[in-house]
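Worksheet for the structure shown next.
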Amino acid sequence: MAKKGEEEKVRKAGIIDMQFRRVKCKYGEKVTFHVEKGCNPNYLALLVKYVDGDGDIVAVDIKEKGGDAYEPLKHSWGAIWREDSDKPLKFPVTVQITTEGGTKSVYNDVIPEDWKPDTAYTAK
């Protein structure tokens with residue numbers, strides 16, 4: 001927010017009223033899902049990166065291998081969404097993202113059967 005060399009002025013300014021507006025993002029990258037450290041077959045946490053489009057992600061749903069329906073993930077914090085499951089998830093997993101503008105994008109089998117924690121998977 002501050003020009004180089006003027007950082008201290010901003011720090012000392014106290015509370016600053018700001019106005020902003022959201023803009024459509026165009027990353028030029030493919031959507032990527034990072035499976036977070038500590039994940040296991042009963043716990044899946046995804047960091048969702050490089051989603052182009054019309055605003056924040058408002059929902060992330062997954063469909064397990066052989067499944068008929070999507071199950072919603074819980075928003076953890078930031079861009080991380082998680083599933084705590086009583087039973088092991090069946091991979092590969094398809095991920096569906098919904099943005100605040102209502103756009104739904106589906107990434108088929110993006111988390112593979114041989115997935116590993118602390119690994120990024122890029123959509124095709």
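Model, not experiment: these values are computed from the prediction.
Going from atom CD of Gln96 over to atom CG of Leu73 covers 10.5 Å, rounded to the nearest 0.5 Å. If you take CD1 on Ile57 and OG1 on Thr99, they are separated by 8.5 Å, rounding to the nearest 0.5 Å.
Grouping the Ile, Leu, Val, Met, Phe, Trp and Tyr side chains by contacts below 4.5 angstrom, directly or via other members, places Phe91 with Trp81. Following chains of ILVMFWY side-chain contacts shorter than 4.5 Å, one can reach Trp115 starting from Val95, so the two form part of one hydrophobic cluster.
Side-chain contact between Pro41 and Leu89 is absent, with no heavy atoms from C-beta onward closer than 4.5 Å. For the pair Leu44/Arg82, no side-chain contact is recorded, criterion being any heavy-atom separation below 4.5 Å from C-beta on. Taking the side chain as every heavy atom from C-beta outward, Leu46 and Ile111 approach each other to under 4.5 Å. In this structure, Phe33 and Leu47 have side chains that are not in contact, with every pair of non-hydrogen atoms separated by 4.5 Å or more. Side-chain atoms of Val48 and Thr32, non-hydrogen and from C-beta on, never get closer than 4.5 Å to each other.
Without hydrogens or angle criteria, Thr98 side chain to Val58 main chain gives no donor-acceptor distance under 3.5 Å. Looking at Ser85, its side chain never comes within 3.5 Å of a backbone N or O of Glu83 through a donor-acceptor pair.
Between Glu6 and Lys3 no salt bridge is recorded (no basic side-chain N to carboxylate O distance below 4.0 Å).
Taking Lys90 as the reference, nothing meets the side-chain hydrogen bond (donor to acceptor under 3.5 Å, both in side chains) condition, with sequence neighbours excluded. For the side-chain hydrogen bond (donor to acceptor under 3.5 Å, both in side chains) test, residues two or more places apart in sequence or in another chain that qualify with Thr103 are Asp54. For Glu64, the salt bridge (Lys or Arg N to Asp or Glu O under 4.0 Å) partners are Lys87, not counting sequence neighbours.
Gly67 and Lys63 make their closest contact through O-CD, 3.4 Å (heavy atoms, listed as atom of the first residue, atom of the second, distance). Contact record, Ala45 with Cys39: N-SG, 3.2 Å, taken as the closest heavy-atom pair. Closest approach of Asp109 to Thr94, counting heavy atoms only: N-OG1, 3.0 Å.
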Report the C-alpha distance between Ile80 and Glu36 in whole Å, list the side-chain angles of each, state the deciding distance to 0.1 Å, and finish with yes or no for side chain to side chain contact (heavy atoms under 4.5 Å, CB included). CA-CA 9 Å; Ile80 297 179; Glu36 297 292 282; 3.5 Å; yes
Return a table of donor-acceptor pairs under 3.5 angstrom between the side chains of residues 116-124 and protein atoms on other chains or two or more places apart.
residue	atom	partner	partner atom	Å
Asp118	OD1	His34	NE2	3.2
Thr119	OG1	Lys116	O	3.1
Thr119	OG1	Pro117	O	3.2
Tyr121	OH	Lys116	N	2.8

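For residues 66-78, there are no side-chain hydrogen bond (donor to acceptor under 3.5 Å, both in side chains) pairs, not counting sequence neighbours. Under the side-chain hydrogen bond (donor to acceptor under 3.5 Å, both in side chains) criterion, no residue pair touches residues 38-48, with sequence neighbours excluded.
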